[in-house]
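See below for the structure under consideration.
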Amino acid sequence: MTTEDVAAATVPVTGETTLRRRELLPLWQVLHGRFSSGRPVTRVRLGPLDEPQREALADLLGLDRMPDARPFVALARLEEAVTELSGRTVREVVAALVGPLGDRAGERRRQEDDRAGLWAWLAGHETVRAQPALADWAASCRASGLAGGSAARTRALLTDALTVLAALPGQAEPLPVFAARVLDGHAHALDDGAPLSTLVLRALATLYDTASPQSAAERRALWSRAGVADDELSSTVLLGGLRPLGDGLLARVARLCAEAGQAASLTLAHVRRPGALTLPATAASLVVHVVENPSILALALRRFGSDCPPLVCVSGWPAYLNGVPGGGTLARRSGFR
């Protein structure tokens with residue numbers, strides 16, 4: 001604060017000329033910092049003071065000799081002198097001459113309360129409670145600290161992450177489409193490298209009991225496992241022994257592979273645009289087995305060849321469907337058991 005700023009301050013009481021002396025400015029500035037700490041103050045240490053500053057302090061306190069260059073000033077003694085001169089407290093004079101007082105200790109307490117409330121909210125959230133494995137994810141979020149040092153910003157980010165997790169598994173839709181659907185039109189919120197994307201992928205890795213993805217390919221694979229495709233070619237399903245009727249691309253690919261005793265790898269594009277496709281007349285009694293691990297499908301094809309019973313390998317979806325709120329509904333609609 002400049003001398004001009006001090007001169008502009010208003011302390012409309014008797015003795016203001018003494019209190020405004022520029023030589024006393026170090027005293028008011030030190031007191032401002034101590035008062036703003038939020039901790040009790042009984043005395044302050046000044047200095048080093050030059051001779052005019054020491055004289056001004058001696059005049060203010062009514063000392064009979066010059067104080068040291070680095071003196072201690074008792075607040076009680078200062079209060080007596082300031083009250084006698086101005087009729088105000090030291091705090092009021094400091095606020096008028098230097099600026100409003102803060103409360104750093106109180107602010108720290110509020111921040112601590114905000115952090116404690118944030119982590120309690122996360123641990124007790126219905127999506128976390130519904131998935132015991134997510135307790136580890138919540139603990140890792142707490143260990144990572146606040147996003148940008150802000151509890152409010154962190155809560156907003158975690159709220160979006162929990163919204164995404166509650167909406168999984170996806171409907172085999174592209175990642176931007178899924179993001180726009182569940183996050184109020186924010187199609188790029190889950191773009192690779194975005195904070196929200198990283199947070200959700202850490203949760204998925206925890207749910208699947210796998211290491212956090214490190215490469216772009218691993219991140220795409222994890223999204224695909226959760227039913228979200230980067231594009232129409234990233235999400236695939238394997239078929240074996242399934243012979244749908246019709247002359248559409250999907251039907252022909254599935255039949256040719258079944259007759260050759262090979263697995264058919266269908267992309268999201270195949271499923272979205274299957275062409276002419278019907279089930280055999282015996283479809284009512286047809287049993288299609290759904291497996292998670294591709295090695296099961298490979299073993300069945302190796303053993304049965306072209307006589308392999310109808311198998312669908314979804315590479316992890318059944319385990320996830322049973323473990324995420326809302327997953328059971330999609331499982332029933334899809335016929336998964």
Side-chain angles (χ1 to χ4, degrees), residues 127 131 133-134 136-137 140-141 144 157 160-183 186-240 250 253-254 257 262-273 289-301 311-328 330-331 334 336:
T127 300
Q131 279 301 301
L134 285 180
D136 293 336
W137 170 73
S140 73
C141 291
S144 297
L157 186 63
D160 284 346
L162 292 164
T163 298
V164 171
L165 291 170
L168 292 173
Q171 302 171 6
E173 57 197 329
L175 185 58
V177 176
F178 171 77
R181 179 169 63 83
V182 302
L183 296 172
H186 296 291
H188 297 289
L190 295 173
D191 283 358
D192 198 29
L196 180 59
S197 177
T198 301
L199 195 59
V200 172
L201 287 171
R202 279 171 46 197
L204 293 178
T206 300
L207 284 171
Y208 290 134
D209 193 22
T210 187
S212 293
Q214 301 300 314
S215 66
E218 290 175 345
R219 291 189 288 272
R220 286 195 299 270
L222 195 53
W223 279 121
S224 180
R225 188 173 181 182
V228 180
D230 241 8
D231 50 56
E232 289 192 329
L233 303 180
S234 298
S235 182
T236 61
V237 64
L238 297 175
L239 303 182
L250 190 154
V253 168
C257 290
Q262 299 292 324
S265 180
L266 301 181
T267 67
L268 178 58
H270 290 140
V271 175
R272 283 184 165 173
R273 293 176 290 276
H289 300 275
V290 179
V291 298
E292 176 186 3
N293 197 322
S295 62
I296 302 298
L297 178 58
L299 182 63
L301 289 169
L311 288 174
V312 177
C313 177
V314 291
S315 300
W317 276 32
Y320 192 68
L321 288 170
N322 290 333
V324 172
L330 184 55
S334 305
F336 293 170

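Note that the structure is a prediction, hence the values are computed from the model and not measured. We're numbering straight along the sequence, starting at 1.
With sequence neighbours left out, the side-chain hydrogen bond (donor to acceptor under 3.5 Å, both in side chains) criterion links Ser140 to Arg202. Not counting sequence neighbours, the partners of Ser295 by the side-chain hydrogen bond (donor to acceptor under 3.5 Å, both in side chains) test are Asn293. Scored by the side-chain hydrogen bond (donor to acceptor under 3.5 Å, both in side chains) test, His188 finds Asp191 as partners (sequence neighbours excluded). By the side chain to side chain contact (heavy atoms under 4.5 Å, CB included) test, Ala254 pairs with Leu239, Pro244, sequence neighbours left out. For Val253, the side chain to side chain contact (heavy atoms under 4.5 Å, CB included) partners two or more places apart in sequence, or in a different chain, are Leu249, Cys257, Ala264, Leu266. Here Asp192 pairs with Arg219 under the salt bridge (charged side-chain N to carboxylate O under 4.0 Å, His left out) rule; sequence neighbours left out. For Ala205, the side chain to side chain contact (heavy atoms under 4.5 Å, CB included) partners are Thr210, Ser212, Pro213, Leu222, not counting sequence neighbours. The side chain to side chain contact (heavy atoms under 4.5 Å, CB included) check on Ala180 picks up Ala187, with sequence neighbours excluded.
In this structure, the side chains of Leu190 and Val228 stay at 4.5 Å or more apart for every pair of heavy atoms.
Considering Ile296, Val312, Leu238 as possible partners of Val291, the one that fulfils the side chain to side chain contact (heavy atoms under 4.5 Å, CB included) test is Ile296.
Applying the salt bridge (Lys or Arg N to Asp or Glu O under 4.0 Å) test to pairs two or more places apart or on separate chains, none has a residue in residues 162-172.
Counting only distance, with no hydrogens or angles, the side chain of Trp137 and the backbone of Leu199 share a donor-acceptor pair below 3.5 Å.
For the atom pair CD of Gln214 and CG of Leu201, the computed distance is 11.0 Å after rounding to the nearest 0.5 Å.
Taking every heavy atom of both residues into account, Val177 and Glu173 meet most closely at CG1-OE1, 3.5 Å. Nearest heavy-atom pair across Leu196 and Ala161 is CD1-N, 3.4 Å. Residues Ala133 and Thr206 come closest through the heavy atom pair O-CG2, 3.1 Å. When all heavy atoms of Ala194 and Ala189 are compared, the pair lying nearest together is CB-O, 3.6 Å.
Ion pairing between a basic and an acidic side chain is recognised when a charged N comes within 4.0 Å of a carboxylate O; Arg225 and Glu218 show no such pairing.
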